[in-house]
Protein chains: 2
Amino acid sequence: MNDRVSTKTRILDVAERLFGEKGFDGTSLRDITAEAGVNLAAVNYHFQTKDSLIDAVIERRIAPVNRRRLEMLEAAGPNPAIEQVVEAFLVPVLECSLSPMVALMGRVLATPDQFVYRVFKKHLAAIAQRFADAVGAALPELAPAERLWRLHFMGGTMAHVLSWSHVLPEMTGGLCDPSDRKALTARLVSFLSAGFRAPFTEAH
Amino acid sequence: MNDRVSTKTRILDVAERLFGEKGFDGTSLRDITAEAGVNLAAVNYHFQTKDSLIDAVIERRIAPVNRRRLEMLEAAGPNPAIEQVVEAFLVPVLECSLSPMVALMGRVLATPDQFVYRVFKKHLAAIAQRFADAVGAALPELAPAERLWRLHFMGGTMAHVLSWSHVLPEMTGGLCDPSDRKALTARLVSFLSAGFRAPFTEAH
DNA sequence: GTATGATCTAATCATACGTATGAATGATCG
DNA sequence: CGATCATTCATACGTATGATTAGATCATAC
């Protein structure tokens, strides 16, 4: 170890931030090692390849978030309100304030290619069924396909909020302030819960 | 011109598809020219740089979509229902079925960096105010900031649907089929309109 | 104190990138 | 015909990329 934190951790931290800011393809190993103040070869020593570095960066953040999600779902009991389900999905991410992790999560959710998708799918599969069940418990009249669609919509809303939160104030002339996580959570829960409760009208 | 379509158009078509599939950084000019069957230098001849090629690719699709959006907004009159506003936002994109443009749009909306953001902002600024006004007309009790937030949420939902539509069937075991645009539109309008109508509860 | 294994480093590899060049090609028109 | 112009072409430049190597350095155990 060099300073206070190990080389491995410093790489993970800087990689997380840069991946979130500039994307996976847009961030080179040299960008990462330069900012982390470590040798270029350290990445390959600790993580073998860039791909498995990406994997490690994502894994480190998603795993605890999903654990917390399942905890909140558990705490909501067998007959949750849809608000509780939505909160269980959102809060574990949103409560991280504006940490670099937030941009990373947005990036992951917005990168439907290659193996980023594989990594994401691995972690999603672990909780998707639980959330589908929870929505079913909260809104039993909702058709199974519609449940999945609306979970998909919720994921999109969250992904977008995460991805754009750092430019949103400028985009809206300061009207929208994503740094107030409490208010943001309340807005999202209100909006999404109403969406989940919407009458299901098949196309005509 | 070589075949039926000009070199310039072939570059734009292939670039649009590859940018949508693999991202802007993940697509090289060599990828594009190889698939398009044109010479590498043709890109620089017709578009000067890769950046302005990206610009041209986006411009070609977003401009007509936004024109159509404003038409639909216009057609809804001065007192639209929120459903009409949502439709005016969604339909011009969704009616393009599963063309490569759809993945491109998703990619643009999910790339909040560098100059992709600038390009996007240019086209967004041209219609954002109109949609904010339309939401205000449909739901006058909604606070201005909340209007913008919910428009932002709607953009995220659409972006996610566009980005992931090509893997969604596999992700959901075939339960969700994004190719039925009519049904998809109905689902989105129902979900999002309900979200817009949700009571606005400030954080407590 | 030195042997040992883990960690770090500088230097280098082959390849891929965006861009630029100058010559060939082909159509248009006097 | 020959001149002009836009387009296409093969090729090269300089740089950046992910990966690898062999050796230096460090901590710990004997």
Side-chain angles (χ1 to χ4, degrees), chain A residues 1-60 104 107 111 113-119, chain B residues 1-60 104 107 111 113-119:
Chain A
M1 56 224 73
N2 254 347
D3 292 342
R4 295 276 310 143
V5 295
S6 69
T7 296
K8 196 168 178 176
T9 304
R10 266 218 306 290
I11 293 174
L12 282 174
D13 288 342
V14 174
E16 169 176 311
R17 182 165 51 79
L18 294 185
F19 285 153
E21 287 174 9
K22 313 197 295 174
F24 299 103
D25 287 325
T27 304
S28 72
L29 297 185
R30 284 170 176 80
D31 292 339
I32 296 169
T33 53
E35 286 211 29
V38 305
N39 190 274
L40 170 61
V43 171
N44 295 307
Y45 175 74
H46 287 286
F47 301 96
Q48 293 82 51
T49 71
K50 182 182 182 179
D51 274 6
S52 62
L53 168 63
I54 297 179
D55 202 334
V57 167
I58 298 176
E59 177 97 26
R60 183 173 70 142
L104 173 77
R107 187 69 63 168
T111 307
D113 4 64
Q114 35 156 1
F115 86 107
V116 173
Y117 164 59
R118 292 209 325 272
V119 176
Chain B
M1 53 223 76
N2 254 348
D3 293 341
R4 297 273 310 142
V5 295
S6 71
T7 297
K8 195 168 179 176
T9 304
R10 267 219 305 291
I11 292 173
L12 282 173
D13 289 342
V14 174
E16 170 176 311
R17 182 166 52 78
L18 294 185
F19 285 153
E21 288 173 9
K22 312 197 294 173
F24 298 104
D25 286 326
T27 303
S28 72
L29 297 185
R30 284 169 176 82
D31 292 339
I32 296 169
T33 54
E35 285 211 30
V38 305
N39 191 275
L40 171 61
V43 172
N44 294 301
Y45 176 75
H46 288 285
F47 301 96
Q48 294 80 52
T49 72
K50 182 182 182 181
D51 275 6
S52 62
L53 168 64
I54 297 179
D55 202 335
V57 166
I58 298 174
E59 177 98 27
R60 183 172 70 143
L104 172 78
R107 186 71 63 170
T111 306
D113 3 65
Q114 35 155 0
F115 87 105
V116 172
Y117 164 59
R118 292 209 324 273
V119 175

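In what follows, chains carry the letters A, B, and so on, assigned in the order in which the sequence lines appear, proteins first and then strands, with residues in each chain numbered from 1. Quick caveat: nothing in here was measured; it's all calculated off a predicted structure.
- Between Gly26(A) and Tyr45(A), the residue anchored nearer the 5' end of DNA chain D, judged by the nucleotide with its closest heavy atom, is Gly26(A).
- Between Ser28(A) and Asp31(A), the side chains place a donor N or O and an acceptor N or O closer than 3.5 Å (distance only, hydrogens not considered).
- Note: CG (Leu29(B)) to P (dC17(C)) measures 9 Å, nearest angstrom.
- Residue Ile11(A) contributes atom CD1, which lies 11 Å from atom C1' of dT7(C) at whole-angstrom precision.
- Distance Lys50(A) NZ to dT20(D) C1': 17 Å, rounded to the nearest Å.
- Phosphate contact (OP1/OP2 of dT7(C), side-chain N/O of Thr7(A), threshold under 4.0 Å): absent.
- One interatomic measurement links the two molecules: CZ of Phe24(A) to P of dT17(D), which rounds to 17 Å at whole-angstrom precision.
- Side-chain N/O atoms of Ser28(A) include one lying less than 4.0 angstrom from OP1 or OP2 on dT17(D).
- OP1 or OP2 of dG18(C) has not a single side-chain nitrogen or oxygen of Asn44(B) nearer than 4.0 Å.
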Worksheet item: Does the pair Leu53(B) and Ile32(B) meet the rule for a side chain to side chain contact (heavy atoms under 4.5 Å, CB included), with working shown?
Response: CA-CA 11 Å; Leu53(B) 168 64; Ile32(B) 296 169; 4.0 Å; yes
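- Contact check for Ile11(A) versus Val38(A): side-chain heavy atoms found under the 4.5 Å cut-off.
- A cation-pi arrangement is present between Lys8(B) and Phe47(B) under the rule of less than 6.0 angstrom and at most 45 degrees off the ring axis.
- In this structure, CG of Asp55(B) is placed 17 Å from P of dG18(C), rounded to the nearest angstrom.
- Summarising the geometry, the separation between NZ on Lys22(B) and P on dC17(C) is reported as 8 Å, rounded to the nearest angstrom.
- Within the nucleic acid shown, Ala41(B) comes within 4.0 Å of at least one base atom, counting heavy atoms only.
- Atom CG of Asn39(B) and atom P of dA6(D) are 19 Å apart (whole Å).
- With distances taken from any side-chain atom of Arg30(A) to the nucleotides dG18(D), dC9(D), dG18(C), the minimum falls on dG18(D).
- Distance, Leu40(B) CG to dC17(C) P: 10 Å, rounded to whole Å.
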Practice prompt. Test Arg60(B) against Asp13(B) for salt bridge (charged side-chain N to carboxylate O under 4.0 Å, His left out), laying out the working first.
Written response: CA-CA 10 Å; Arg60(B) 183 172 70 143; Asp13(B) 289 342; 2.9 Å; yes
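- Of the side-chain N and O atoms in His46(A), one or more sit less than 4.0 angstrom from OP1 or OP2 of dC8(C).
- Contacts of Thr27(A) with the nucleic acid, taken as non-hydrogen atoms under 4.0 Å apart, involve only primed sugar atoms and P, OP1 or OP2.
- Judged by Watson-Crick or G-U wobble contacts below 3.5 Å, the nucleotide dC30(D) has dG1(C) as its partner.
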